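Heads up: the structure comes next, in structure tokens.
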Protein chains: 2
Amino acid sequence: MRSKKIPDIVIRRLPLYLRTLARMAAEGKEITSSDQLAEQLRISSALIRKDLSYFGEFGKQGTGYQIRFLQEQLQRILKVDREWEVALVGAGNLGRALAHYKGFCNRGFRIVAVYDNDPAKIGKMLGNLKVKSASHLVEDVRARRLKMAMLAVPADHAQEVADQLVEAGIRAVLSYAPIHLTVPDGVYVQYIDPVVHLQRMTYYLGNRKHSNLKGF
Amino acid sequence: MRSKKIPDIVIRRLPLYLRTLARMAAEGKEITSSDQLAEQLRISSALIRKDLSYFGEFGKQGTGYQIRFLQEQLQRILKVDREWEVALVGAGNLGRALAHYKGFCNRGFRIVAVYDNDPAKIGKMLGNLKVKSASHLVEDVRARRLKMAMLAVPADHAQEVADQLVEAGIRAVLSYAPIHLTVPDGVYVQYIDPVVHLQRMTYYLGNRKHSNLKGF
DNA sequence: TAGATTGTTAATCGATTAACAATC
DNA sequence: TAGATTGTTAATCGATTAACAATC
């Protein structure tokens, strides 16, 4: 089963399954079905069953899936059955929001260091972390063997910082800068750009205030 | 050309084209080609030409695309050749970061109102906006005829706020809450959940610190 | 048992790519 | 003109769905 290459599009859905399972577990549910998951996620139940079947047989005919068990399996598959230590670069408003965000810790991640190049910010506390000088980034990240980083710096510094992160041994970057980063093979980048998401919706919005006035 | 339904996956790429074009324009370039765009975006040039051809003929054989012109066309298609007024709900750390973010204004969006239900935050300034009570949200948003909103509230309030936004006439929501929102047909939702993005990368990361020790 | 739901196959659907005539 | 690049078609590739035997 693990033998043939699993499509990235399948991998990309697994975190969504995990999130829905967590929700169900929080509601006290113990068992679910591909139909229930499908309804929550607005995809077909066949797709969910097929996705899961790449990795094993996690359900029981006639019953469905044990939520706790399926969570554990997906966490293992996605390698979030552990805690990844993450570096954060950028201690501006966005960096602060990320540093304070409570949602990382129980889903596999913890920010363990914050860097900035602004002397006014270096030394200040962000949550329970002291902001360190970006000049220590490379040696520091390498010494701690960090593999993941979040990038919350202005667009015009993003590539430069990305280069440093790669040099320091970072393998996965979550970038909030609205530019495409160039990185070597084997380094993974995901982007979050709120404007892109907003622009994906405006296409579908009618032009006029009174959209019930069809044709006018 | 506008007659047959355009696949959503095409629409989803247009903002990325727009972003790359903006970058090129900022660098002083005036003309580009599907090959150049493709290289930047790591997709095939044929795909770019095909995507654009859904909407018209924007290039010139032998020459390529006038960057400024293509930007204008894409902005028009995505309806971001205007400024959309956006409501922001949630004045916590994330809300603050969004309120201060400079990247909205020149890409079609402006936050014009901020709401929170925390008495300690109501009345405070967030950037140049005064935080208003969430109790005014519905009448306020409706009166201003706002069509878009950003949701930066804790997960356990997100659905409730989403319901209010829909009631107030909001047609598109960008949600930062890590849960699936249920909304009526005709209301569009996009999600930003950094943990999902992180979890999409860990699958590909080796387990061990010393990943050069193959097999051990 | 009867009912429900899985895992899986084959069919369908849709998206991407290769190729090239048109043409700037 | 010669070279370059578009817009578009047909072929390929990949993803989703429908259906159902297996089985809990």
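By convention in this document, chain letters (A, B, ...) are assigned in the order of the sequence lines, proteins followed by strands, and residues within each chain are numbered from 1. Keep in mind that the numbers below use all heavy atoms, side chains included, and drop hydrogens, waters and symmetry copies. Owing to the predicted nature of the structure, the values given are computational and were not obtained by experimental measurement.
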Identify all pairs in which a protein N or O lies below 3.5 Å from an N or O of nucleotides 22-24 of chain D, and state each distance.
unit_1 : atom_1 : unit_2  : atom_2 : d
D/dC24 : O4'    : A/Gln61 : O      : 3.4
D/dC24 : O2     : A/Gln61 : O      : 3.2

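Surrounding CD of A/Glu39 are at most 12 heavy atoms belonging to other residues, nucleotides or ligands under 6.0 Å away. Around atom CD of B/Glu72, more than 12 heavy atoms belonging to other residues, nucleotides or ligands sit under 6.0 Å away. Within 6.0 Å of the NZ atom in B/Lys29, the count of heavy atoms belonging to other residues, nucleotides or ligands exceeds 12.
Here the straight-line distance linking atom OH of A/Tyr101 with atom CE of A/Met150 works out to 10.5 Å at 0.5 Å rounding. Separation of atoms CG (A/Leu74) and CZ (A/Arg13) is listed at 12.5 Å; rounding is to 0.5 Å. Atom CG of A/Leu94 is separated from atom CG of A/Leu151 by 10.0 Å, given to the nearest 0.5 angstrom. Note that CG of A/Leu18 is 14.5 Å distant from CZ of A/Arg23, once rounded to the nearest 0.5 Å.
Residues forming a salt bridge (Lys or Arg N to Asp or Glu O under 4.0 Å) with B/Arg42 (at least two apart in sequence, or on another chain): none. Residues that satisfy the side-chain contact (heavy atoms from CB on, under 4.5 Å) test with A/Ala91, not counting sequence neighbours, are A/Val114, A/Asp116, A/Lys121, A/Leu126, A/Val131. Scored by the side-chain contact (heavy atoms from CB on, under 4.5 Å) test, A/Ala46 finds A/Ser44, A/Arg49 as partners (sequence neighbours excluded). The side-chain contact (heavy atoms from CB on, under 4.5 Å) test applied to B/Asp81 returns B/Gln75, B/Arg76, not counting sequence neighbours. B/Thr32 meets the side-chain hydrogen bond (donor to acceptor under 3.5 Å, both in side chains) test with B/Gln36; sequence neighbours excluded. With sequence neighbours left out, A/Ala22 forms a side-chain contact (heavy atoms from CB on, under 4.5 Å) with A/Gln71.
In the region residues 32-39 of chain A, proximity to DNA chain C at under 4.0 angstrom, judged on heavy atoms, holds for A/Ser33, A/Ser34. Of the residues in residues 12-30 of chain A, none lies under 4.0 Å from DNA chain C by heavy-atom distance. The stretch residues 41-51 of chain B comes close to DNA chain C through B/Ser44, B/Ala46, B/Leu47, B/Arg49, B/Lys50, each having a heavy atom under 4.0 Å from the strand.
Within the 4.5 Å cutoff, the side chain of A/Arg110 has no heavy atoms near those of the A/Phe104 side chain.
Rounded to an integer number of Å, the gap from B/Leu70 CG to D/dT5 C1' is 14 Å. The nearest whole Å value for the distance from the CD atom in A/Gln73 to the P atom in C/dG7 is 12 Å. Atom pair B/Gln66:CD and D/dT6:C1' shows a separation of 15 Å (rounding to whole Å applied). In this structure, CZ of B/Phe55 is placed 15 Å from C1' of D/dG7, rounded to the nearest angstrom. Atom CZ of B/Phe69 is separated from atom P of D/dT6 by 14 Å (rounded to the nearest Å). Between the CD1 atom of B/Ile9 and the P atom of C/dT17 there is a distance of 11 Å, given to the nearest Å.
Every pair passing side-chain hydrogen bond (donor to acceptor under 3.5 Å, both in side chains) that includes a residue from residues 189-198 of chain A is listed here, sequence neighbours excluded: A/Gln190-B/His197, A/Asp193-B/Arg19, A/Asp193-B/Arg107, A/His197-B/Gln190.
When the side-chain nitrogen and oxygen atoms of B/Tyr65 are compared with OP1 and OP2 of D/dA4, none of them lie within a distance under 4.0 Å.
Taken together, the paired segments of DNA chain D that extend over three or more consecutive Watson-Crick or G-U pairs, each closer than 3.5 Å at both contacts, are C:3-24 with D:3-24.
The only option from B/Val80, B/Ile77, B/Leu14 that meets the side chain to side chain contact (heavy atoms under 4.5 Å, CB included) definition with A/Tyr203 turns out to be B/Ile77.
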